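Naming: A, B, ... by sequence-line order, numbering from 1 per chain. Values reported hereafter were calculated over all heavy atoms of this structure, with side chains retained and with hydrogens, waters and symmetry mates removed. The model shown is predicted, which means the values in this text are computed figures rather than measured ones.
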2 protein chains.
Amino acid sequence: MVTIYDIAKKANVSPMTVSRVINNSPSISEKTRKKVEDIIQELDYIPNKQARSLISKETKLVSLVISDISNPFFTNIARGAEDKALQAGYQLLLGNSDEQTVKESRYIDLLLSTKVDGVLIAPTGDPSLANLRKLAKRRVPFVFVDRYVEGIAADLVMGDNAETTRKLVAHLVEKGHRKIALINGPSTASNARERLLAFTDALTLNGLDLIPELLIETHFLQDNFSEIVRTLMSLSPSGRPTAILAANNFIGVNTLRALREMNLQVPDEIAVACFDDPEPIPDYNPFLTVAAQPAYDMGYIGMQMLIERIEGTAPATNRKVVLPSQLIVRKSTQRS
Amino acid sequence: MVTIYDIAKKANVSPMTVSRVINNSPSISEKTRKKVEDIIQELDYIPNKQARSLISKETKLVSLVISDISNPFFTNIARGAEDKALQAGYQLLLGNSDEQTVKESRYIDLLLSTKVDGVLIAPTGDPSLANLRKLAKRRVPFVFVDRYVEGIAADLVMGDNAETTRKLVAHLVEKGHRKIALINGPSTASNARERLLAFTDALTLNGLDLIPELLIETHFLQDNFSEIVRTLMSLSPSGRPTAILAANNFIGVNTLRALREMNLQVPDEIAVACFDDPEPIPDYNPFLTVAAQPAYDMGYIGMQMLIERIEGTAPATNRKVVLPSQLIVRKSTQRS
DNA sequence: CTGTTAGCGCTTTCAT
DNA sequence: ATGAAAGCGCTAACAG
C-alpha cells in the first residue's frame, strides 16, 4: 500500500508536506505542490480514510435506517437520501429493520462501532426510544423521516398525516361511502397514531358514525391480512364497510389481494384506497387510489437536515418539515 | 470517548488484556475476563472499528454499485445483498451509477478511499473496465451481478438471457405475432448484447425474418422512448410490429406510456412484454407480461460469493451462476 | 513555507 | 496468563 511516507521519500519532502498537499493547504509553494502531486499521480496514491478518521473523528459515512428498502416508499426515500449524501461527500450505509425494534437495535450497535457521522431513521415505533438514546448518548446526530418517537427530540421530515387522511376520507365520502374501515399500522408508530386520530376526526367532520369494528390496528409489514379482511367483510350487511382505507401501500396491496381471494370485486363491491403509492414507476398501470407522499423529497430533505446537524450549520432548535401528499384517484375507488 | 485505556485503568489491567477480552482470546483467566467485561458494561464501551481497521486491513464494509435503486429489479438485488451482508457481519454501502460510467468511477474512487472489503457491481457497460481495473489493482475483490465486462475476470451471477429471450419470443410467436420489435439496451452492456443475440436466434428458430428496423438500440435508463415507439409505429402497415419486446422493465413501462400517448390499445392493437417485473409487490395488479428474474437471489448469491472471495474461502477459478427467469403472462400480451 | 514530535485507538510481537 | 513496546496511516500543534 502506498502511504504518504512513500510519496514523501520520493519527493524529498516530509510526510507533513504531502499531507498538506492532499488537504489543499494554502501554505505550500507551487513548486512543491506540483512535485508532490506528480508523484501522487505516478504512484497512484489514495489517502486512507480510516487513518484520517481516527484523528478527525469524522468518517463521512451516514446511515439510513428504514423498514424495508423493497417498499417503493422507502426506496424513494433511499434514493433521495443517497443523492443528497453523495452530493455533500458522504457515503450511505443501508439498514433494513423490517419493523423489528430488535433488528434496528442490532444495526444501531453496528453503526456506533462504525462511527457513522449521522443517521436518518424511520424508527419502528416508540420502543425505538432506547435505540435512539444510544445514538444521543454518543452524540451521533440523527433525523427522523416519516415517523418520530416521543420523548426524544430531533429534526423531523414527514408527511402531513392529518391533511392526507382528511383528503382520503373526503374522497371516499364523496363517492358515497358512509361505512369506511381503517386498516392501520401499530399504535406505537407516530404516523399510525396520527392517521387514526385524523380518521376519527374526519368521520365526525363528515357526520359519520365511528364504528369500532371498522378500526383495525395491525402492522405495516407482517400480518394475516386475509383474515383481517375476511373478518371485516363478514360483518352483517348493515355493518359491513363499503370502503377500506389502508394505512400504507403494503396493507393496501394485501387488502386487494385478500379481496381477490374472496372473489369480491374492487371497486364495484368494495372500494380501496391507501397511503403511499405501491407503484415504483407511477402512472404506468394505475389501479389503486392513493395519497402519494413525496418520498424522494423526504429522503433528500431529511439527509440535508442531517448533514447540517453533522456539520454544525443547523439551527439550535429542532426543525419539523411537513410535506403535503397528493391524492391520486384511480380505479379502485371509481365504481363503474 | 471510552477507550480500552479507560477500561484498563479501571480494571487494573493493561490495555492489551482488555483487547484480548474484546476479541475473545482464549488465554484469559475467567476472573479477569469477568472483571473486564463488567467494566465494559458499566462504561458502555464500544470498540472503535476505525482503529481496528487500520491494523487489520479489513473494514467489514462492502458496497453495492447498481444503476438505480428505484428500479424494483435493483431494489430486490439490494435487499438480497443487504440480508446476506448483515448476516455475515458486513455493512452495505449503496451507490447509484444511473448507468453513467463517470458517476460509477467517482463512486469507486470513494470506495477505494473508504477501503471497503469488496464490491458487488452491475457495471454500466464495457467502459466500466477502467473502473474495475482500479479495484483489481488495489486487490479489492468484486463480483458481477446482472452484467459482466469482457476483459476482466470475476465471479458472476446473472439471469439466463438466452433462455429468457427464447421464452419471451416463443410466447409472442404463439400469440400469433410475426413482426416483433426489440427495444434493447446499449450494446456496451453484456446483458443487452446477449439479449440481441438470443433474439435474432429465436426469430430464426421460429422461422421469422429479421427486420433491421425493428431492432432498436437505446439505453436502460434515459432516452426519448416516445419518439422511438412513434418511429416504430409509423412504419408502413406491412412493416409495423404487432408486438414489442422491451429489454428491461423501465423500457417496458415507458413503451406502454408512449403507446398510451398515441392512443394505441395494448394488447389489442399491439402487444408488449419485457424483461424484469416493474411490480415491486408482484401480482397485485398484473398487466405487463414479463420474464421476471430472481433479483433477490441474484443479490443474495452475489453477496455470498463476494464474501467468500473476501474471506478467502472461494475457489480459485471464477464462478458463473446463471439463474432462470420466470415467464409471467399477463394482459399486455393477451388479446381479448 | 516546511519539518519534527506526538498521538488518534487499537493490535501484533515479543517478553515475562 | 498478562504486559511493554512499537506501529498501522495520518494530522494537530508547534517550531523554525
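- A close approach under 4.0 Å does not occur between any side-chain nitrogen or oxygen of A:T3 and OP1 or OP2 of D:dG9.
- Contact annotation: A:R52 does not reach the phosphate of D:dC10 (side-chain N/O to OP1 or OP2, under 4.0 Å).
- Considering only the side chain of A:M16, D:dT11 comes nearest among C:dT12, C:dG9, D:dT11.
- Between the P atom of C:dG9 and the CZ atom of B:R20 lies a distance of 21 Å, rounded to the nearest Å.
- The phosphate of D:dA4 has neither OP1 nor OP2 within less than 4.0 Å of any side-chain N or O from B:S14.
- Between B:E311 and B:K60, at least one side-chain nitrogen of the basic residue sits less than 4.0 Å from a carboxylate oxygen of the acidic one, meeting the salt-bridge criterion.
- Within the 4.0 Å cut-off from OP1 or OP2 of D:dG9, not a single side-chain nitrogen or oxygen of B:K115 is found.
- A salt bridge links B:D38 with B:K34; the closest basic N to acidic carboxylate O contact falls under 4.0 Å.
- Taking atom CG on A:N48 and atom P on D:dC8, their separation rounds to 12 Å, with Å as the unit.
- Whole-Å rounding puts the A:I55 CD1 to C:dC8 P distance at 10 Å.
- Comparing A:L54 and B:V13, the nucleotide of DNA chain D nearest to each residue sits closer to the 5' end for B:V13.
- Counting non-hydrogen atoms under 4.0 angstrom, B:P15 reaches nothing in the nucleic acid.
- If you check the side chains of A:K49 and B:T114, you find a donor sitting under 3.5 Å from an acceptor.
- At a threshold of 4.0 Å, the pair B:D44-A:K134 does not count as salt-bridged, since none of the basic side-chain nitrogens sits closer than that to a carboxylate oxygen.
- We find that CD1 of B:I46 is positioned 14 Å from P of C:dG9, with the value rounded to whole Å.
- Only B:S27, B:I28, B:S29, B:T32, listed by number, bring a heavy atom of residues 21-43 of chain B to less than 4.0 angstrom from any atom of DNA chain D.
- Side-chain atoms of A:R319 never come within 3.5 Å of backbone atoms of A:V157 as a donor-acceptor pair (strictly under, hydrogens ignored).
- With rounding to whole Å, A:I4 atom CD1 is found 16 Å from C:dT2 atom P.
- For A:Y5 against D:dC10, a side-chain-to-base donor-acceptor contact under 3.5 Å is present.
- Not counting sequence neighbours, the partners of A:Q304 by the side-chain contact (heavy atoms from CB on, under 4.5 Å) test are A:K84, A:Y300, A:E308.
- Straight-line distance from the CG atom of A:N12 to the P atom of C:dT2: 13 Å, rounded to whole Å.
- Side-chain contact annotation: B:S70 with B:D68, donor-acceptor N/O pair under 3.5 Å present.
- Atom CD of A:E58 and atom P of C:dG9 are 15 Å apart (whole Å).
- OP1 or OP2 of D:dT11 has at least one side-chain nitrogen or oxygen of A:S19 nearer than 4.0 Å.
- Between the NZ atom of B:K9 and the C1' atom of C:dG9 there is a distance of 14 Å, given to the nearest Å.
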